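Everything on this sheet refers to the single structure shown next.
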Amino acid sequence: MPLDALIFDVDGTLADTERDGHRLAFNAAFSEFNLDWVWDVPTYGKLLAVTGGKERMQHYVNTLRPDFVKTKDFEDLIVQLHRAKTRHYTELLAQGGIPLRPGVKQLLNEARNQGVRLAIATTTTPENVSALLTHSLAPGSESWFEQIGAGDIVPAKKPAPDIYHWVLQKMDLKPTQCLAFEDSENGILASRGAGLKTVVTINDYTADHDFTGATVLLSDLGSPETPMQVLSGSAHGKTYVDLELLRTWHAES
Ligand code: XBP
Ligand code: MG
């Protein structure tokens with residue numbers, strides 16, 4: 001079975017967007033609405049257990065702010081806060097705020113040159129994906145991806161496999177034709193749940209997650225200048241991820 005497509009998660013996988021991107025945007029939105037909600041780095045790490053910004057805010061109030069009195073327009077407040085947060089986040093990206101992780105651009109370029117199909121499966125809002133691709137990858141690079149599965153397009157967010165099922169169905173692909181790229185436990189639960197072999201690149205927030213079922217666990221994708229560290233699995237002597245290595249992993253049983 002040839003390797004026909006690569007499906008990428010966004011936050012934490014294409015770029016380290018959570019700590020110095022989404023977190024700051026949430027805090028800016030809270031302050032804009034005169035709320036005394038402040039998400040510091042460790043608190044945000046715990047809140048990441050819940051995917052989706054609106055869901056994460058609800059979870060925060062329900063678990064960490066028993067003092068907060070919910071009025072009948074609470075749902076509406078969450079929607080407005082999330083809209084403000086998306087504005088702050090996309091503005092930050094437009095200022096060139098967040099670079100791609102090592103090796104990402106190089107691998108995407110190689111895949112495009114070799115006609116390997118590309119897609120995205122994420123829980124983040126579509127505007128956030130557009131902004132990251134436009135400002136951190138290349139103007140117009142949204143078109144590099146045949147399908148961008150994002151946000152509320154499926155009601156059940158990761159760890160549910162639904163977003164991967166959605167992408168596979170839209171592209172008429174079987175899971176065995178693809179590889180997924182993830183950085184978190186919720187992410188790999190979603191990709192493995194959809195039957196996809198998964199390459200995991202960890203980050204500071206996800207280093208201690210359970211990555212059972214990962215094909216390989218890496219520090220990052222590496223590059224010829226900065227070799228990756230292989231934390232679990234084998235890179236067959238290679239120092240960075242290229243299509244040849246992906247094809248080897250894809251072919252392994
Ligand atoms: C990342 C997420 C998202 C972002 C916030 O998921 O969990 O909730 O933190 O995005 P993934 P929104 O790694 O699958 O991209 O506020 O737009 O929901
Ligand atoms: Mg992620």
Side-chain angles (χ1 to χ4, degrees), residues 7-30 37 39 41 43-60 77-93 97-98 100-101 104 119-133 136-137 145 147-167 180-194 196 198-207 209-211 214 217-218 220-221:
I7 310 179
F8 289 86
D9 167 51
V10 173
D11 296 301
T13 299
L14 293 185
D16 261 323
T17 48
E18 293 291 6
R19 194 191 64 186
D20 300 327
H22 289 291
R23 186 182 68 88
L24 301 184
F26 280 112
N27 285 333
F30 301 153
W37 305 357
W39 291 356
V41 172
T43 303
Y44 192 65
K46 293 193 193 93
L47 293 172
L48 281 173
V50 172
T51 59
K54 294 188 286 291
E55 294 82 350
R56 190 169 299 143
M57 287 187 274
Q58 302 252 21
H59 172 72
Y60 169 70
L77 171 67
I78 293 289
V79 169
Q80 286 183 45
L81 279 170
H82 194 249
R83 219 168 271 150
K85 178 258 165 177
T86 300
R87 173 167 41 80
H88 288 292
Y89 180 71
T90 52
E91 278 170 13
L92 195 143
L93 291 175
I98 306 204
L100 296 182
R101 294 192 67 186
V104 168
I120 278 174
T122 174
T123 61
T124 205
T125 302
E127 291 102 294
N128 299 347
V129 183
S130 306
L132 183 74
L133 296 178
S136 304
L137 180 56
F145 298 87
Q147 291 294 333
I148 297 184
D152 299 326
I153 204 161
V154 293
K157 294 187 177 172
K158 297 176 189 177
D162 301 32
I163 195 68
Y164 279 101
H165 286 312
W166 185 92
V167 168
F181 295 78
E182 280 286 356
D183 72 300
S184 69
E185 190 169 341
N186 280 327
I188 195 173
L189 284 169
S191 59
R192 296 291 296 140
L196 289 149
T198 305
V199 173
V200 173
T201 51
I202 61 159
N203 59 57
D204 284 352
Y205 269 139
T206 67
H209 284 194
D210 180 354
F211 290 113
L217 198 56
L218 307 167
D220 49 60
L221 296 177

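Note that this is a predicted model, so its numbers are computed, not measured. These numbers come from the heavy atoms of this one structure, side chains and all, not from hydrogens, waters or symmetry mates. Both counts, for ligands and for their atoms, begin at 1 and track the order of listing. Throughout, residue positions are numbered sequentially from 1 according to the sequence presented.
- Atoms of ligand 1 found under 4.0 Å from any heavy atom of Arg56 (numbered from 1 in listed order, with element): 2 (C), 3 (C), 4 (C), 5 (C), 7 (O), 8 (O), 9 (O).
- Ranked by closest heavy atom to atom 6 (O) of ligand 1, the top entry among Asn186, Val129, Thr123 is Thr123.
- Closest protein heavy atom to atom 15 (O) of ligand 1: Thr122 OG1, 2.5 Å.
- Contacts between Lys85 and ligand 1, counted as non-hydrogen atom pairs separated by less than 4.0 Å, involve the side chain only.
- Looking from atom 1 (C) of ligand 1 to the surrounding protein, the closest heavy atom is Asp11 OD2, 3.2 Å.
- Distance alone, capped at 3.5 Å, places no donor-acceptor pair between the Thr201 side chain and the Leu221 backbone.
- The backbone N or O of Glu18 lies less than 3.5 Å from no partner atom in the side chain of Asp11, so there is not a single donor-acceptor pair.
- The proximity of Lys54 to ligand 1, defined as any non-hydrogen pair under 4.0 Å, does not occur for either the backbone or the side chain.
- A salt bridge between Asp162 and Lys157 is absent, with no side-chain N of the basic residue lying under 4.0 Å from a carboxylate O of the acidic one.
- By the 6.0 Å contact criterion, CZ on Arg87 is enclosed, its count of non-hydrogen atoms from other residues, nucleotides or ligands being greater than 12.
- Counting atoms of ligand 1 from 1 in the listed order, those under 4.0 Å from a heavy atom of Thr125 are 12 (P), 17 (O).
- For a distance threshold of 2.8 Å, the protein N, O or S atoms nearer than that to the Mg ion (ligand 2), listed by chain and number, are Asp9 OD2, Asp11 O, Asp183 OD1.
- Listed for the Thr86 side chain is a donor-acceptor partner under 3.5 Å among the backbone atoms of His82.
- Ser136 places a side-chain N or O within 3.5 Å of a backbone atom of Ile98 that can act as its donor or acceptor partner.
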Checklist entry - Please walk me through it: do Met57 and Lys85 pass side chain to side chain contact (heavy atoms under 4.5 Å, CB included)? => result CA-CA 11 Å; Met57 287 187 274; Lys85 178 258 165 177; 5.5 Å; no
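- Considering only heavy atoms from C-beta on, Asp9 comes within 4.5 Å of Lys158 through its side chain.
- Inter-residue side-chain proximity for Leu14 and Leu133 is flagged as met; some heavy-atom pair is nearer than 4.5 Å.
- A salt bridge does not link Arg101 to Asp183: none of the charged nitrogens lies less than 4.0 Å from a carboxylate oxygen.
- In this structure, the side chain of Arg192 does not engage the main chain of Thr198 through any donor-acceptor pair within 3.5 Å.
- Near Lys158, with a cut-off below 4.0 Å to any heavy atom, the atoms of ligand 1 are 14 (O).
- Taking a 4.0 Å cut-off on heavy atoms, Gly12 fails to register as neighbouring ligand 1.
- For atom 18 (O) of ligand 1, the closest non-hydrogen atom on the protein side is Gly53 N, 2.6 Å.
- Listed for the Tyr205 side chain is a donor-acceptor partner under 3.5 Å among the backbone atoms of Val41.
- In this structure, Tyr44 counts as a contact residue of ligand 1, since one of its heavy atoms falls inside 4.0 Å of the ligand.
- Between Glu18 and ligand 1, at least one pair of N/O atoms sits closer than 3.5 Å.
- In this structure, the side chain of Asn203 does not engage the main chain of Thr13 through any donor-acceptor pair within 3.5 Å.
- Ligand 1 has a nitrogen or oxygen under 3.5 angstrom from a nitrogen or oxygen of Gly52.
- Although no hydrogens or angles enter the test, the distance criterion places a donor-acceptor pair under 3.5 Å between the side chain of Ser184 and the main chain of Gly187.
- Atoms of ligand 1 found under 4.0 Å from any heavy atom of His82 (numbered from 1 in listed order, with element): 12 (P), 16 (O), 17 (O), 18 (O).
- Under the 3.5 Å distance criterion, the side-chain polar atoms of Gln147 are left unmatched by any main-chain donor or acceptor of Ala119.
- Considering backbone and side-chain atoms alike, Asp183 places every N or O at 3.5 Å or more from each N or O of ligand 1.
- Those atoms of ligand 1 with a heavy atom of Thr51 less than 4.0 angstrom away are 7 (O), 8 (O).
- Residue Thr124 approaches ligand 1 through these ligand atoms, each under 4.0 Å from one of its heavy atoms: 4 (C), 5 (C), 10 (O), 12 (P), 17 (O).
- Between Phe26 and Trp37, a ring centre-to-centre spacing not shorter than 6.0 Å is recorded.
- Of all atoms in ligand 1, numbered sequentially from 1 with element shown, those under 4.0 Å from a heavy atom of Asp9 are 11 (P), 13 (O), 14 (O), 15 (O).
- Near Asn128, meaning under 4.0 Å from any of its heavy atoms, are these atoms of ligand 1: 17 (O).
- Backbone and side-chain nitrogen or oxygen atoms of Ala121 are examined, and none is located within less than 3.5 angstrom of a nitrogen or oxygen of ligand 1.
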